[in-house]
Undergrad: 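The structure follows.
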Amino acid sequence: LYPYEMNIYGDTGNVIALRRRLEWRGLGARLDPVPVGEPYDFAAADLVFGGGGQDRSQLQVAGDLQQRAPAIREAVAEGTVFLTICGTYQLFGRRFLTQDGREIPGIGVFGLETVGGRKRMIGNVVVATPWGDLVGFENHSGRTLLDPGQVALGTVKKGYGNNETRRDEGAVTANCFGTYLHGSLLPKNPAFADELLARALRRRHGAGFELKPLDDS
Ligand code: GLN
């Protein structure tokens, strides 16, 4: 989703990692780039990826994203796997108030809001999750506050995560994941990459589908 508009800090590397981990197992993948204005049927997707972007890029995609909101919300409800990073993660919440006072509406997949601050949260991050410790790099001005009841991706062991006051990082709704971790995230965290692939493949081929293990040493 928005491969040209929302792609910083190597976020497209996540797509390359997913494709390679499928290919190493003899599985194929078709990649459909969905830029602003390109019609797309989200019901056809197994896994949707959206990367980070600065406030200006977020403003550029916000209108297009609103038009896709019903289809995306339906896909999330039906269990399609989504991975959203930083700028796209923020837009999957209700809204982002930028530090220069603009309100960018989100699509409300996650129960959260983001408010820009003057200090950027930059640096390496370690997050404890049910899939082990995830490592990554964050760089954002937005502080994200989860609604009560919104499940986080994990707990920050090093770095900021969603904000500088609480220790939660990211959000999870059904099979839709949001996180501040760039890096790229998935090449650095192969177990999490496989979690996403396994969820997508089980949804299509049944709960018994097992991914062949890879040597990640
Ligand atoms: N523009 C957003 C912020 O600064 C997201 C930045 C990003 O995707 N790294 O909070």
Side-chain angles (χ1 to χ4, degrees), residues 1-17 33-36 48-66 68-69 72 82-127 134-147 150 152-154 156 158-173 176-189 192 196:
L1 183 58
Y2 308 133
Y4 316 115
E5 302 90 342
M6 300 292 283
N7 172 27
I8 50 175
Y9 310 125
D11 283 346
T12 297
N14 293 307
V15 176
I16 298 169
V34 185
V36 166
V48 181
F49 173 74
Q54 298 306 346
D55 298 10
R56 200 164 51 109
S57 309
Q58 290 172 286
L59 277 162
Q60 282 166 4
V61 304
D64 184 88
L65 186 63
Q66 284 305 317
R68 301 183 195 274
I72 292 178
F82 283 73
L83 175 61
T84 63
I85 313 271
C86 202
T88 300
Y89 164 47
Q90 293 171 342
L91 296 182
F92 271 50
R94 274 191 307 276
R95 61 178 184 159
F96 175 28
L97 298 171
T98 68
Q99 53 176 317
D100 55 8
R102 288 198 232 206
E103 175 172 346
I104 309 179
I107 60 171
V109 166
F110 298 124
L112 61 83
E113 291 196 1
T114 302
V115 179
R118 235 182 274 144
K119 184 181 143 197
R120 292 191 76 83
M121 286 163 274
I122 305 176
N124 291 315
V125 199
V126 182
V127 183
L134 302 183
V135 297
F137 167 78
E138 63 184 328
N139 184 355
H140 53 108
S141 76
R143 283 133 177 84
T144 294
L145 207 60
L146 303 183
D147 292 350
Q150 171 63 60
L153 175 64
V156 172
K158 176 184 161 52
Y160 297 98
N162 283 335
N163 54 67
E164 54 195 344
T165 47
R166 300 188 187 172
R167 292 181 59 224
D168 51 84
E169 149 53 32
V172 184
T173 295
C176 182
F177 295 82
T179 178
Y180 274 110
L181 271 60
H182 303 279
S184 303
L185 173 70
L186 298 182
K188 285 186 169 175
N189 299 282
F192 188 56
L196 301 182

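Counting starts at 1 for both ligands and their atoms, following the listed order. Residue indices begin at 1 and follow the sequence shown.
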Undergrad: I want to check something: taking the side chain as every heavy atom from C-beta on, are D147 and F110 in contact at a cut-off of under 4.5 Å?
TA: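 A side-chain contact under 4.5 Å is absent here.
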Undergrad: Measuring from atom CG of D168 to atom CG of L146, what distance do you get when rounded to the nearest 0.5 angstrom?
TA: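 Going from the CG atom of D168 to the CG atom of L146 covers 4.5 Å.
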Undergrad: Taking only residues two or more places apart in sequence or in another chain, which ones pass side-chain contact (heavy atoms from CB on, under 4.5 Å) with T98?
TA: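 Only D55, F96, D100, R102, I104 meet the side-chain contact (heavy atoms from CB on, under 4.5 Å) criterion with T98.
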Undergrad: As a test of reading the model: which residues have a non-hydrogen atom less than 4.0 Å away from ligand 1?
TA: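 Contacting ligand 1 under 4.0 Å are I8, Y9, G52, G53, Q54, D55, Q58, C86, G87, Q90, F96, R120, N139, H140, S141, G142, H182.
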Undergrad: Would you please indicate if the ring centroids of F192 and F177 are separated by under 6.0 Å?
TA: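 F192 vs F177: aromatic centres under 6.0 Å.
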Undergrad: Between the main-chain N or O of S141 and the side-chain N or O of Q99, is there a donor-acceptor pair closer than 3.5 Å?
TA: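 No; zero donor-acceptor contacts below 3.5 Å.
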Undergrad: Under a 3.5 Å distance rule, please check whether N163 uses its side chain to pair with a backbone N or O of L145 as donor and acceptor.
TA: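 No.
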